[in-house]
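Note that the structure is a prediction, hence the values are computed from the model and not measured.
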Amino acid sequence: MAKLKKITQIPLFLPIFCMLLVMTVNIIYDAASGNFAFNFFTISLRNGVLYGRLIDILNRGSEIAILAIGMTLVVSASAGTDISVGSVMSLSASFCCMLLAGYGVASTVDLAVPLLAGVLGGILLACVCGAFNGFLVAYLNVQPMVATLILFSAARAIGLLLCNNLIVYVRNESFQFFGGFCGFLPTPIVIAAICILVVAVLLKKTALGLYIQSVGINKKASRIAGLNSERIIFLCYVVCGLMAGIAGVVASSRISSADSNNIGLNYELDAILAVALGGNSLGGGKFNLAGSIIGAYTIQAITTTLFALGVSSDQAPVYKAIIVIIIVAIQAPPFNAWIKQLSAKRALAKGGA
């Protein structure tokens, strides 16, 4: 019992347990279907690129992983969630494709501006959106969900206006690279890995990670200690916008177009769920970036498993919402207090015996 308690207190216990649970479901399903039981782990090389269910999960889950980086920082610093990330993804993709194709052009092969200008333009606009959210939360003290609700509602409509109410297709090989392959690996996996590595090094090698946690635990005390709480919260929202912009460029590159209505749809739920699955408290304070990343890929594994089990894409968010409710309930102080009371009662009963 003591060993089990020690294991459950490991920071990465919850995300690793959830990932193992999903893997187990896949193994059981494959075995029951008469297929090779470990199909989930099979990776093959076809036409010079890697294929397999694991590669597909890492590839398709890259956007969620990138969003989870920014969401983790936002949740930790402001004790609130940014529900606009999916819409900002869509806006970034729309602006990027509009720049590359030219305003009013529905489809193009030749680029109207250099590729770097279009990609950086989309990412920069996403950073501006993050700065807007950060200003409302950090300096005007607007509740995070209320502040980000503005762009949650408006960003997709702005993207449609930028694209002149068209789905803009950019069928250019250099642009398709971001959603295609880099050597034998899917490029989104490489981009996600770079984002994770850069942010992880920044948080580990500087005091930024400590500052974010301090502000999240107690904003007023951090200010008294000499930290600029507003600036730190503002910076976290800008980083969240940056990550949404990168994810938007990757998502639009996958389909070689800017589909404002569908890019990033419901991704805010996935990003929040990834943070919760990572064992991070949604009440702010301490965070675990590695847990969020594992949580993000677990979400994609859950999605892939649900589709394999015959659950439609319209029903999948319902199951994800149920998982969020369970995780939040487990993390709630009354539930933890109840568990401690049960443990104390068992200890007393054993002592009396």
Side-chain angles (χ1 to χ4, degrees), residues 14-15 18-19 21-22 57 60-76 78-93 126 129-130 133 143-156 159 192 236-237 240-241 243-248 250-251 259-284 287 289 291-307 309 311-332:
L14 182 60
C18 291
M19 177 61 83
L21 188 61
V22 174
I57 288 170
R60 295 294 174 181
S62 295
E63 288 100 315
I64 303 172
I66 294 170
L67 291 179
I69 297 170
M71 189 67 74
T72 301
L73 302 183
V74 163
V75 169
S76 176
S78 66
T81 56
D82 184 348
I83 62 171
S84 70
V85 288
S87 298
V88 172
M89 266 185 71
S90 173
L91 176 58
S92 171
C129 292
N133 289 333
Q143 287 290 332
M145 186 169 287
V146 176
T148 56
L149 182 62
I150 297 170
L151 285 176
F152 172 80
S153 304
R156 290 187 187 277
C236 288
Y237 276 90
C240 192
M243 295 301 152
I246 295 172
V250 172
D259 185 354
S260 297
N261 290 320
N262 292 305
I263 287 179
L265 189 64
N266 295 323
Y267 273 35
E268 52 277 342
L269 174 62
D270 289 341
I272 295 167
L273 180 52
V275 175
L277 268 179
N280 299 287
S281 171
L282 296 180
F287 66 90
L289 184 61
S292 296
I293 302 305
I294 296 172
Y297 287 115
T298 302
I299 298 306
Q300 184 58 45
I302 291 171
T303 303
T304 303
T305 303
L306 288 174
F307 291 160
L309 294 175
V311 178
S312 69
S313 58
D314 294 330
Q315 296 172 341
V318 176
Y319 293 91
K320 293 177 185 177
I322 293 171
I323 295 170
V324 172
I325 293 170
I326 293 171
I327 293 170
V328 171
I330 290 172
Q331 291 182 347

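- Between the CE atom of Met243 and the CE atom of Met71 there is a distance of 13.0 Å, given to the nearest 0.5 Å.
- Counting only heavy atoms from C-beta outward, the side chains of Val75 and Thr81 approach each other to under 4.5 Å.
- The heavy-atom pair separating Tyr297 from Met19 by the smallest distance is C-CE, 3.9 Å.
- For the pair Phe307 and Ser312, the minimum side-chain heavy-atom distance is 4.5 Å or more.
- Contact record, Ala274 with Ala68: CB-CB, 4.1 Å, taken as the closest heavy-atom pair.
- Minimum interatomic distance between Tyr237 and Pro144 (heavy atoms only, all atoms of both residues): OH-CB, 3.3 Å.
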Hey, mind stepping through Thr304 and Arg60 against side-chain contact (heavy atoms from CB on, under 4.5 Å) and telling me if it holds?
-> CA-CA 9 Å; Thr304 303; Arg60 295 294 174 181; over 6 Å; no
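- Put simply, the side chain of Ile293 reaches to within 4.5 Å of the side chain of Ile69, judged on heavy atoms.
- For the atom pair OG1 of Thr72 and CG of Leu289, the computed distance is 5.5 Å after rounding to the nearest 0.5 Å.
- The side chain to side chain contact (heavy atoms under 4.5 Å, CB included) test with Ile299 singles out one residue from Ile272, Leu277, Val22, Ile57, and that residue is Leu277.
- Put simply, CG on Leu67 and OG on Ser62 are 11.0 Å apart, with the number rounded to the nearest 0.5 Å.
- Looking at heavy atoms from C-beta onward, Ile64 lies in side-chain contact with Gln300 at the 4.5 angstrom threshold.
- For Ser76, the side-chain contact (heavy atoms from CB on, under 4.5 Å) test picks out Ile212, Gln213, Phe287, with sequence neighbours left out.
- Residues passing the side-chain contact (heavy atoms from CB on, under 4.5 Å) test with Leu265 are Arg156, Asn262, sequence neighbours excluded.
- A donor-acceptor pair is defined here as one N or O able to donate and one able to accept, closer than 3.5 Å; such a pair exists between the side chain of Asn280 and the backbone of Val275.
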When the side chains of residues 83-93 are checked against the rest of the protein, which donor-acceptor pairs come out under 3.5 Å, sequence neighbours left out?
| residue | atom | partner | partner atom | Å |
| --- | --- | --- | --- | --- |
| Ser84 | OG | Asp82 | OD1 | 2.6 |
| Ser84 | OG | Asn133 | ND2 | 3.1 |
| Ser87 | OG | Phe152 | O | 3.0 |
| Ser90 | OG | Ser260 | O | 2.8 |
| Ser92 | OG | Gly122 | O | 3.0 |
| Ser92 | OG | Gly245 | O | 3.2 |

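- Taking every heavy atom of both residues into account, Gly241 and Ala126 meet most closely at O-CB, 3.1 Å.
- One distance of note links CG of Asp270 with OG1 of Thr298; it measures 12.0 Å at 0.5 Å rounding.
- Asn261 places a side-chain heavy atom less than 4.5 Å from the side chain of Asp259.
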